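What follows is a short report on a single structure.
Every heavy atom of this structure was used, including side-chain atoms; hydrogens, water molecules and symmetry mates were not. All residue numbers refer to positions in the sequence shown, counting from 1. Quick caveat: nothing in here was measured; it's all calculated off a predicted structure.
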Amino acid sequence: MSPQQRDHDTAVGWINTELAELRKEVGKPNASAAVRSAITLAFLLRTISDTEHREFQSRIDEIYDDHKSSRATAA
């Protein structure tokens, strides 16, 4: 495995871990700060592509959309 591939795999793993944590913490103040920081840093270090950057940002939006819809159904 090349160093670039290893860095990519590490970054994606870190981002996915932070996304999982966001799912647990969604609704709390600054819940998405860690995952957004991880995505931004990985993108700036060029370990994830522009496409992956957009996809991860979309996953954050989906988590918030799911949270909002579940709260609306519970109410």
Side-chain angles (χ1 to χ4, degrees):
M1 178 183 297
S2 71
Q4 291 89 355
Q5 184 62 42
R6 188 177 57 242
D7 291 347
H8 177 267
D9 291 350
T10 300
V12 169
W14 177 32
I15 292 167
N16 284 326
T17 299
E18 292 298 340
L19 283 166
E21 190 63 28
L22 171 60
R23 285 197 184 279
K24 294 184 219 171
E25 302 292 323
V26 68
K28 294 182 181 178
N30 300 315
S32 65
V35 70
R36 289 189 192 275
S37 295
I39 293 168
T40 301
L41 181 58
F43 179 69
L44 290 173
L45 293 173
R46 298 180 183 190
T47 56
I48 62 171
S49 69
D50 187 45
T51 302
E52 289 171 309
H53 183 262
R54 285 191 302 272
E55 289 171 357
F56 284 127
Q57 294 291 351
S58 293
R59 286 177 60 190
I60 293 171
D61 294 339
E62 289 171 10
I63 291 169
Y64 276 104
D65 289 345
D66 291 347
H67 176 70
K68 288 176 189 173
S69 66
S70 68
R71 290 189 62 150
T73 337

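The OG atom of Ser58 lies 10.5 Å from the NE2 atom of His53; values are rounded to the nearest 0.5 Å. In this structure, the separation between CD1 on Ile15 and CZ on Phe56 is 4.5 Å, given to the nearest 0.5 Å. In this structure, Ile60 CD1 and Gln57 CD are separated by 4.5 Å, a value rounded to the nearest 0.5 Å. Atoms CD and CG, on Glu21 and Asn16 in that order, are 13.5 Å from each other to the nearest 0.5 Å. Taking CG of Leu45 as the start and OG1 of Thr40 as the end, the distance is 10.5 Å to the nearest 0.5 Å. Rounding to the nearest 0.5 angstrom, the gap separating the OG atom in Ser32 from the CD atom in Glu18 is 11.0 Å.
Taking all atoms of both residues into account, the shortest heavy-atom contact from Thr47 to Glu52 is O-OE1, 4.5 Å. The two residues Phe43 and Ser49 come nearest to each other via the heavy atoms CD1-O, 4.0 Å.
Gln5 contributes no side-chain N or O that, together with a main-chain N or O of Ser2, makes up a donor-acceptor pair within less than 3.5 Å.
One hydrophobic cluster holds both Leu19 and Val26 under the rule that ILVMFWY side chains link at heavy-atom gaps under 4.5 Å.
A salt bridge does not link Glu62 to Arg59: none of the charged nitrogens lies less than 4.0 Å from a carboxylate oxygen.
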- Item | Audit row: Glu55, Thr51, side chain to side chain contact (heavy atoms under 4.5 Å, CB included) steps and yes/no | CA-CA 6 Å; Glu55 289 171 357; Thr51 302; 3.4 Å; yes
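The environment of CG in Asp65 is crowded: more than 12 heavy-atom neighbours from other residues, nucleotides or ligands sit within 6.0 Å.
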